[in-house]
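The structure under discussion appears below in the form of structure tokens.
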Amino acid sequence: MTRSALKDSFDAVVIGAGVIGASVALELARGGRSVAVVDKGPSAGAGSTSSSVSIIRFSYSTLDSVLTAWEAAAMWHDWEGHLGTVDPDGMVRFIRTGMCIFETPDANSERVRRLWDDVGIAYSVADGESLRQLLPGVDLGAYFPPKRIDDPAFADEAGSSLTALVELESGFIDDPKLAASNLAFAAGQHGADFRFRQRVVAINQVDGRVSGVSLASGERINAPVVVNVGGPHSSLINKLAGVTDGMRISNRPLRQEVFTVQAPTGLRLEDGLPAVADMDLGQYLRPQPGGTWLVGGTEASCDDLHWVDDPDNFDEYPTVDQFEVSMMRLARRVPEFGVPHRPVGLAALYDVADDWVPIYDKSDLPGYFMACGTSGNQFKNAPIVGQFMRDIIDAEQAGNDHDARPVQFVGNRTGRSINLGAFSRLREKAQTSGTVMG
């Protein structure tokens, strides 16, 4: 079909074809809407999704976030059933590893315990010999709080021994970009129209309502519903729409680095190593096939955060400074690890909300909706977020005011209600870990 023959009117436009944007497109399309998806990248999931560590876990700080992750996990476990189709280019796999969360003196691990008890997520508390068997060769000393390596206290002896929450249902998705492609393929089976290498330059309005988008190519796509799922670009898109003044919670891009390192013998995926959240030292690791680990930080209070003004202009290569900090912390935890000589990894952008809880909501502009502040800890929730946004949009179009009467989403796995008002742009800041852990 020639460019001039492209359809220019739809029921909804989704901005962003990452894993969450593709999920939103799927749910809107199989709900009967005609959907256009526009993305400045070359393919589904080619942006920040492709840099995701793609851990599937349930360790959040609020009840609605834990319920969301627990419900979404069931969709990943039955991926073909969730999609309702098989992508001929391949399907992602959920790899179960379990999750080990070192307990710290602050309130975070205790809060996770209470929430898991509430939801009914099974776990154990490991210490001593059981923890040494799970993590052979790992130094189980408690060094909290995390410290920079130039802090003289970094070399202090441990004050006590660690305990950990151990949960067996967590894991990871083996190819985050393919996950977005799977969702996009399923959405396409329901008629969703994906348009790549297309940048949105305006959110169009008529009589105080959204009426579609304008693209850098000069095209206009008309629609009474626009959903901003722009990842690190979403805050700029919200400014285009003129909705930021009506948001109590805002979001912006944060640059983060993740390193790939060789795993010591006995601590590989094939050895049964779980994903490890080490808030005691300020980082996490996730085993992956091939005998390597992915290692990232958890925004420890001693570490600088690198906020980015222009998401199209940032250093995509890891820095020696952060590499040294991460490797020295890792060597402290795993004495046999040693320190590699040069960084291997990547730098990418998170889209971070003020309290690290995402924004799944309407806006002050009728017809304009947002799934923002999602990067870093929401990949795991992508399958259910499409359903959240569908239900919010359906409710608004049926005359319900989501601000006054927040949509209640009932999960299939638990039968419990998830209050989607917990993800409102108008909420007070949630009490969370204040980190990527949520």
Side-chain angles (χ1 to χ4, degrees), residues 12-25 28 36-41 47-49 198-206 208-216 220-255 307-314 349-378 381-382 385-386 388-389 392-393 396 401-403 406 420-430:
V13 173
V14 177
I15 304 172
V19 69
I20 294 179
S23 176
V24 172
L28 293 179
V37 185
V38 294
D39 193 292
K40 74 181 190 66
S48 59
T49 292
Q198 299 292 328
R199 181 185 293 272
V200 172
V201 295
I203 306 298
N204 302 325
Q205 303 177 34
V206 173
R209 291 191 58 88
V210 77
S211 61
V213 300
S214 291
L215 307 179
R220 292 171 60 98
I221 302 178
N222 302 311
V225 169
V226 172
V227 190
N228 176 10
V229 203
H233 291 78
S234 64
S235 59
L236 298 180
I237 296 168
N238 284 337
K239 290 178 181 177
L240 286 178
V243 300
T244 56
D245 288 346
M247 299 172 63
R248 185 175 291 150
I249 299 292
S250 61
N251 59 298
R252 53 178 173 160
L254 175 68
R255 183 182 178 278
W307 300 103
V308 173
D309 293 325
D310 180 1
D312 290 318
N313 183 24
F314 71 99
L349 297 181
Y350 288 172
D351 175 30
V352 179
D354 296 338
D355 55 4
W356 289 84
V357 174
I359 302 166
Y360 301 136
D361 201 8
K362 61 183 284 188
S363 72
D364 288 353
L365 173 62
Y368 180 85
F369 299 85
M370 301 175 288
C372 303
T374 59
S375 298
N377 65 22
Q378 291 296 297
N381 293 332
V385 170
F388 285 179
M389 297 307 299
I392 291 171
I393 292 167
E396 282 285 319
D401 181 356
H402 179 59
D403 287 342
L420 301 192
F423 308 109
S424 168
R425 74 202 184 284
L426 302 178
R427 67 179 182 264
E428 299 292 340
K429 285 186 181 180

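- A donor and an acceptor atom, one from each side chain of H233 and D312, are located under 3.5 Å apart.
- Residues Y350 and N377 have side chains that never bring a donor and an acceptor to within less than 3.5 angstrom of each other.
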Trace of the salt bridge (Lys or Arg N to Asp or Glu O under 4.0 Å) decision for D354 with R248: CA-CA 9 Å; D354 296 338; R248 185 175 291 150; over 6 Å; no

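- Remark: D309 CG is loosely packed, at most 12 non-hydrogen atoms of other residues, nucleotides or ligands lying under 6.0 Å away.
- Formation of a donor-acceptor pair under 3.5 Å by the N228 side chain with backbone atoms of S234 is found in this model.
- Checked for salt-bridge contact, R427 and D361 miss the test: no charged N lies under 4.0 Å from a carboxylate O.
- Two residues are said to be in side-chain contact when any heavy atoms from C-beta on lie closer than 4.5 Å; V200 and V13 fail this criterion.
- Judged by distance alone, with hydrogens and angles left aside, the side-chain atoms of E396 form a donor-acceptor pair with the main-chain N or O of H402 at under 3.5 Å.
- Between the side chain of S23 and the backbone N or O of V385, no donor-acceptor pair lies under 3.5 Å.
- Listed for the D351 side chain is no donor-acceptor partner under 3.5 Å among the backbone atoms of P232.
- Not a single side chain to side chain donor-acceptor pair (under 3.5 Å) links R252 to another residue, sequence neighbours left out.
- Side-chain atoms of S214 do not come within 3.5 Å of backbone N or O of A202 as any donor-acceptor pair.
- For the atom pair CG (L349) and CH2 (W307), the distance works out to 11.0 Å, reported to the nearest 0.5 Å.
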